[in-house]
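Step one of this worksheet: look at the structure below.
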Amino acid sequence: MSTTTREPAVTRSMGIVHSALRRDLQRVRVVVGSPPYPDDARRRAIADHITWMMGFLHMHHMGEDKGLWPLVRSRKPDAATLLDDMEADHLRIAPAVDALIEATCRPYPGLSSSTASHAPTGVGPRSCGGMVRRRGSVR
């Protein structure tokens, strides 16, 4: 892909990605926080999906911060305040991403010690709270 074109960027896919992450984080909150609660196998699958999503989100943000934002800054200096805000959002949610990944590695509360070692998710309905903001938006 060339970075020399002056045509506007097509950002529709970014909106789709952000919407999908918001949707899945909200679904995790509902599934782990509402009866019937997921069994061990489902919790493991949820933990695996969360780990994948958070890895994806990290790479997505790194691509924006290190690749896209510098390019936009060079071409549209008046976007600096918006880009600064977006970078600040990335820094703000980084601890929540780390905490959510850590939660997927903790035993699920209330399981016996033999079962807990095989059910790697302490993810509860509030685990996604640091990233899901009002109206369910991920920032």
Side-chain angles (χ1 to χ4, degrees):
M1 181 174 131
S2 171
T3 58
T4 59
T5 182
R6 292 290 178 189
E7 294 182 29
V10 177
T11 59
R12 183 170 184 261
S13 64
M14 290 179 74
I16 292 169
V17 166
H18 289 153
S19 293
L21 289 168
R22 281 190 299 272
R23 178 202 63 215
D24 281 9
L25 286 169
Q26 185 59 37
R27 286 178 177 172
V28 166
R29 291 180 81 181
V30 169
V31 167
V32 300
S34 307
Y37 299 105
D39 62 19
D40 290 353
R42 194 163 180 206
R43 278 194 300 274
R44 282 191 297 275
I46 292 167
D48 288 346
H49 184 64
I50 290 169
T51 301
W52 177 86
M53 277 193 326
M54 295 304 97
F56 175 86
L57 183 61
H58 173 73
M59 294 302 293
H60 172 77
H61 284 173
M62 192 167 54
E64 288 176 336
D65 294 343
K66 303 224 182 285
L68 184 57
W69 300 163
L71 179 62
V72 172
R73 282 181 197 280
S74 71
R75 292 193 179 168
K76 192 134 175 77
D78 60 325
T81 300
L82 174 62
L83 296 173
D84 290 345
D85 289 348
M86 294 171 84
E87 286 179 350
D89 277 350
H90 291 179
L91 291 173
R92 183 188 56 76
I93 71 163
V97 170
D98 293 343
L100 191 51
I101 291 170
E102 183 182 320
T104 66
C105 299
R106 286 196 309 265
Y108 195 79
L111 297 178
S112 69
S113 58
S114 62
T115 306
S117 65
H118 302 296
T121 177
V123 176
R126 287 180 276 194
S127 299
C128 304
M131 294 186 317
V132 179
R133 292 175 59 172
R134 54 189 181 284
R135 294 183 314 252
S137 65
V138 173
R139 298 292 295 192

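The residues of the chain are indexed from 1 along the displayed sequence.
In this structure, Ile93 and Leu57 have side chains that are in contact, with non-hydrogen atoms separated by less than 4.5 Å. Residues Leu100 and Leu25 are in side-chain contact: their nearest non-hydrogen atoms beyond the backbone lie under 4.5 Å apart. In this structure the side chain of His61 reaches within 4.5 angstrom of the side chain of Glu64, judged on heavy atoms.
Salt-bridge check for Arg92 with Asp85: failed, with every basic side-chain N at 4.0 Å or more from each acidic carboxylate O.
Annotation for His58: atom NE2 does not count as buried by contact number, only 12 or fewer foreign heavy atoms lying within 6.0 Å.
Linking ILVMFWY residues whenever their side-chain heavy atoms come closer than 4.5 Å, directly or via other members, leaves Leu83 and Leu91 in distinct clusters. No path of Ile, Leu, Val, Met, Phe, Trp and Tyr side chains, each step under 4.5 Å between heavy atoms, connects Met62 with Met86, placing them in separate hydrophobic clusters.
Across every non-hydrogen atom of Ser74 and Leu71, the tightest pair is OG-O, 2.8 Å. Considering every non-hydrogen atom in both Pro70 and Asp65, the closest pair reads CD-O, 3.4 Å.
Taking the side chain to side chain contact (heavy atoms under 4.5 Å, CB included) definition, one finds that Arg42 meets it with Val31, Pro38, Asp39, Ile46, sequence neighbours left out.
A distance of 10.0 Å separates CG in Leu82 from CD in Glu87, rounded to the nearest 0.5 Å. Note: Ile101 CD1 to Ile50 CD1 = 10.0 Å, rounded to the nearest 0.5 Å. Between the CZ atom of Arg73 and the CG atom of Leu68 there is a distance of 10.5 Å, given to the nearest 0.5 Å. Atom CE of Met54 is separated from atom NE2 of His60 by 11.5 Å, given to the nearest 0.5 angstrom.
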